[in-house]
Amino acid sequence: MNTNFSALLILVNFIFLTNIIIAQGESKNWYFGYNAGINFSSGTAIALNNSAMSTDEGSASISDANGNLLFYTDGVTIYDRNHNIMQNGTGLLGSPSSTQSGVIIQKPGYTNLYYIFTTTLIGQMDGLRYSEVDINLNDGLGAVTANKNILLHTPTCEKITGIRHQNNVDIWIVSRDVNASQFRSFLITQNGVDPTPVLSNIGLYISENQSLEAGQMKAYLGGKKIATATYSNGVFELFDFDNQTGTLSNAIELSGTSGAAYGVEFSPDGSKLYGSVATGSFIGYPPTENLYQWNLCAGTGSAGDIIASMQVVFSGATTDQGLASMQLAPDGKIYVARYHGVPGSESQFLGVINNPNELGILCNYVDEGFFLGGQTSSMGLPNFVPYNLNTIPPPILNFSYDSILCVNNGIVTPIFHPQFAGGGVFSCTDPNLTIDAFSGQIDLNISQIGTYNVVYNLILSACGIESFDTIVQVSIEEINQIAEFTIPSSSCVSNADITPILNVNACVDGVFSCSPGLSIDVQTGVINLSNSNAGNHIVTYTCPALFCKIEESYSTTFNLYSNSTANFIPFEDTTILIDNPQVEFINQSFNADSYFWDFGDGITSTSENPVHTFPSQAGNYLVTLISYQNGLCNDTVSRIIRIPTDDFLYVPNTFTPDGDEYNQLFEPIISDGVMAESYTLLIFNRWGEILFESHDPSIGWDGTYNAYSVEKGLYVWRIQFENLKYEKIVRHGHVLLLK
């Protein structure tokens with residue numbers, strides 16, 4: 001790229017970028033200090049007096065995209081939009097005396113879920129934790145869910161910030177360890193908080209000392225810089241941040257200040273860094289309230305040039321007074337907490353940096369720049385993640401190609417957004433795609449089929465330190481396509497629906513069709529067998545002519561057979577009273593071409609109308625017929641053949657009171673040698689309870705008790721009668737009731 005052209009482009013786009021202020025709603029309501037608040041909905045800061053919160057230092061608040069308050073917190077208690085304590089909103093393990101006791105982010109991909117990340121006081125063991133708020137609960141006032149006070153790390157400093165991931169969806173939460181020179185970056189996605197952090201071993205060693213652990217940490221809203229203040233040693237630090245990997249690098253120690261370093265903030269355009277000092281008399285610093293500015297674009301932008309650029313843009317000296325937290329606001333100004341350590345003399349004003357992008361005293365800091373309407377400031381201001389401020393819109397980098405490109409189809413040019421920020425560079429790391437770096441044109445005559453990521457990169461900031469990029473996925477396809485699928489070669493109309501299986505490489509936008517008489521879903525290919533006619537059918541899948549593709553079809557034959565219905569009757573009655581009974585079975589099956597018989601005595605047959613001789617011993621024989629259509633569609637029916645003995649009494653061992661015409665009664669058969677008037681039949685359940693009693697041999701048991709059918713199973717029978725010699729005979733046994 002031409003260097004002079006690039007420099008001019010950066011300057012023009014920077015002027016365009018920094019003069020457009022689009023305030024979004026998330027940071028419109030501030031709650032902090034001793035019942036203090038500010039609303040920015042009108043574009044001008046207006047003091048609020050409805051806060052229910054009193055906090056010495058840290059706080060956080062969040063509104064919806066339209067600027068309507070949702071909730072706020074001091075790191076211990078959460079207050080809803082009506083300024084009442086939120087349901088389950090007490091007992092968070094932050095601290096109102098922590099510099100940044102909390103920060104609130106909306107869970108990516110969710111409109112109702114928010115995370116509150118909290119830090120405790122001076123490195124105590126409660127450490128860094130998070131809790132979840134569902135704003136839809138409690139009639140829209142919100143409630144803390146069961147995900148409460150989940151520990152991420154301990155001990156940790158009193159500082160925390162959030163940065164948007166490079167993908168512009170996920171979020172990094174960055175904290176600083178105690179007893180280490182180390183930062184932790186936790187990634188938050190639509191799946192939640194990843195508890196495994198990215199570690200960056202860099203910066204000052206922070207020992208277990210309350211003075212070192214205090215002080216703010218802030219990120220530039222462009223997501224590429226982080227700054228910290230370390231209270232007791234008066235040191236500010238500046239780091240590069242990789243918002244793709246979550247790592248910090250290139251530490252610059254901004255020493256040379258006088259006082260206890262507490263607040264830090266970036267100018268909206270990222271060209272300036274501000275640092276404030278709080279009262280530090282109890283750790284040996286004289287009473288002071290200095291405000292420092294560093295020019296991040298000084299000279300070549302080297303560490304030495306940035307350090308040397310430091311200016312004091314405001315200096316004051318009041319006993320036990322200092323400048324504490326700083327926060328960039330939706331109106332493009334930076335507000336500064338003014339802290340008085342003497343009870344009863346707290347400040348009713350905030351300091352204001354009116355033109356934070358300007359160099360030196362041109363930034364126009366006013367020490368009593370905003371009146372809090374009678375409420376008072378402490379050391380803290382609400383902690384916002386920079387992307388919620390949105391004081392400067394990101395550059396519009398949107399571009400696209402046709403969703404599908406065709407190989408060997410000439411030159412294709414990207415389609416740009418009407419406000420596309422041109423002047424960047426197109427690239428693709430895959431050598432199989434031929435792309436022009438300046439125009440973004442793809443040469444399809446040289447490129448190969450495949451899927452590619454085309455990257456557009458634009459350097460755009462006050463001093464060339466900010467890099468924006470966007471990624472567009474491009475697919476180049478071949479002309480031919482596959483329409484193949486598989487289904488069974490045949491089935492029965494009574495079977496379950498059949499779904500064709502497409503070839504793994506088959507097109508996904510094809511349609512199914514079939515010959516008449518077959519019911520098929522044209523989109524899914526599901527064949528409804530119960531609604532189809534038997535016969536030979538053709539099933540076809542057609543890939544349409546879309547994008548690069550020509551129409552492609554694949555067909556196969558599918559045979560559907562009717563159901564078989566099995567039925568038979570014995571030639572003679574089912575009760576055979578002769579020895580070696582021979583029974584001729586009449587097959588009444590419908591739509592069948594083969595058969596299988598099981599006579600219940602170990603003998604089988606495949607004849608259509610078999611003649612079978614049963615054993616001479618008495619008993620019940622379950623005869624089963626299975627009929628087949630084409631060897632696939634089968635049906636089964638069974639009958640019980642009963643062969644009694646020639647003794648005084650024949651008692652069956654099973655009966656089936658299931659409502660059909662066979663074997664409905666348990667009905668013993670007596671011979672002529674039994675005196676009928678002496679006959680008694682009793683049926684018992686397994687607990688000895690009498691279920692049925694009869695004194696008439698012609699009345700059998702129908703399987704009921706008190707007019708209700710009993711369960712299937714074994715039941716005990718007892719029969720008493722007298723023979724012709726008036727001899728009393730008693731017999732008993734079991735009968736199996738089947739259904």
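Below, all heavy atoms of this structure are taken into account, side chains as well, without hydrogens, waters or symmetry copies. Quick note: residue numbers are just sequence positions, from 1.
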Q: Quick one: sort the Y220 and F266 rings into parallel, tilted or perpendicular, breaks at 30° and 60°.
A: tilted
Q) What heavy-atom pair brings E213 and I122 nearest, and what distance separates the two atoms? A) OE1-C, 2.5 Å
**Q.** Of all pairs that satisfy ring-ring contact (aromatic ring centres under 6.0 Å, His included), the ones with a partner from residues 182-207, not counting sequence neighbours
**A.** F183-F239
**Q.** ring pair (Phe, Tyr, Trp, His ring centres under 6.0 Å) against F71, all qualifying residues, sequence neighbours excluded
**A.** Y114
Q. Looking at residues at least two apart in the chain, or sitting in another chain, which of them share a ring pair (Phe, Tyr, Trp, His ring centres under 6.0 Å) with H153?
A. none
Q. In chain order, what residues pass the side-chain hydrogen bond (donor to acceptor under 3.5 Å, both in side chains) check against K218, with sequence neighbours excluded?
A. E265, Q327
Q: Sequence neighbours left out, what pairs pass ring-ring contact (aromatic ring centres under 6.0 Å, His included) with at least one residue falling in residues 42-70?
A: none
Q. Which pairs count as side-chain hydrogen bond (donor to acceptor under 3.5 Å, both in side chains) when at least one residue sits in residues 117-127, sequence neighbours excluded?
A. S98-T119
Q: Measure across F236 and S276 and return the closest heavy-atom pair with its distance rounded to 0.1 Å.
A: CZ-O, 3.3 Å
Q) How would you list, by chain and number, every residue that makes a side-chain hydrogen bond (donor to acceptor under 3.5 Å, both in side chains) with R81, sequence neighbours excluded? A) none
Q | Check: E208 side chain, N179 main-chain N or O, donor-acceptor pair, under 3.5 Å | A | no
**Q.** Counterpart residues, side-chain hydrogen bond (donor to acceptor under 3.5 Å, both in side chains), relative to Q166 (two or more places apart)
**A.** D469
Q: Spell out, as yes or no, whether a donor-acceptor pair under 3.5 Å connects the side chain of N357 to the backbone of D269.
A: yes
Q: Could you tell me which residues satisfy side chain to side chain contact (heavy atoms under 4.5 Å, CB included) with V198, sequence neighbours excluded, listed by chain and number?
A: W172, S185, T247
(Q) Using 0.5 Å steps for rounding, measure from the SG atom of C363 to the CD atom of E358. (A) 9.0 Å
Q: Quick one: closest heavy-atom pair of S309 and A298, and the distance?
A: CB-CB, 3.8 Å
Q) Residues two or more places apart in sequence or in another chain: which of them pass ring pair (Phe, Tyr, Trp, His ring centres under 6.0 Å) with F371? A) F349
Q) Listed by chain and number, what are the ring pair (Phe, Tyr, Trp, His ring centres under 6.0 Å) partners of F32, not counting sequence neighbours? A) none
**Q.** Heavy-atom check, side chain of I62 versus side chain of V133, under 4.5 Å
**A.** no
**Q.** side-chain hydrogen bond (donor to acceptor under 3.5 Å, both in side chains) involving S325 - partner list, sequence neighbours excluded
**A.** none
(Q) Can you classify the ring geometry of Y72 versus Y31 as parallel (below 30°), tilted (30 to 60°) or perpendicular (above 60°)? (A) parallel
Q: Heavy atoms only: give me the nearest W30-L48 pair and the separation to one decimal.
A: O-CD1, 4.4 Å
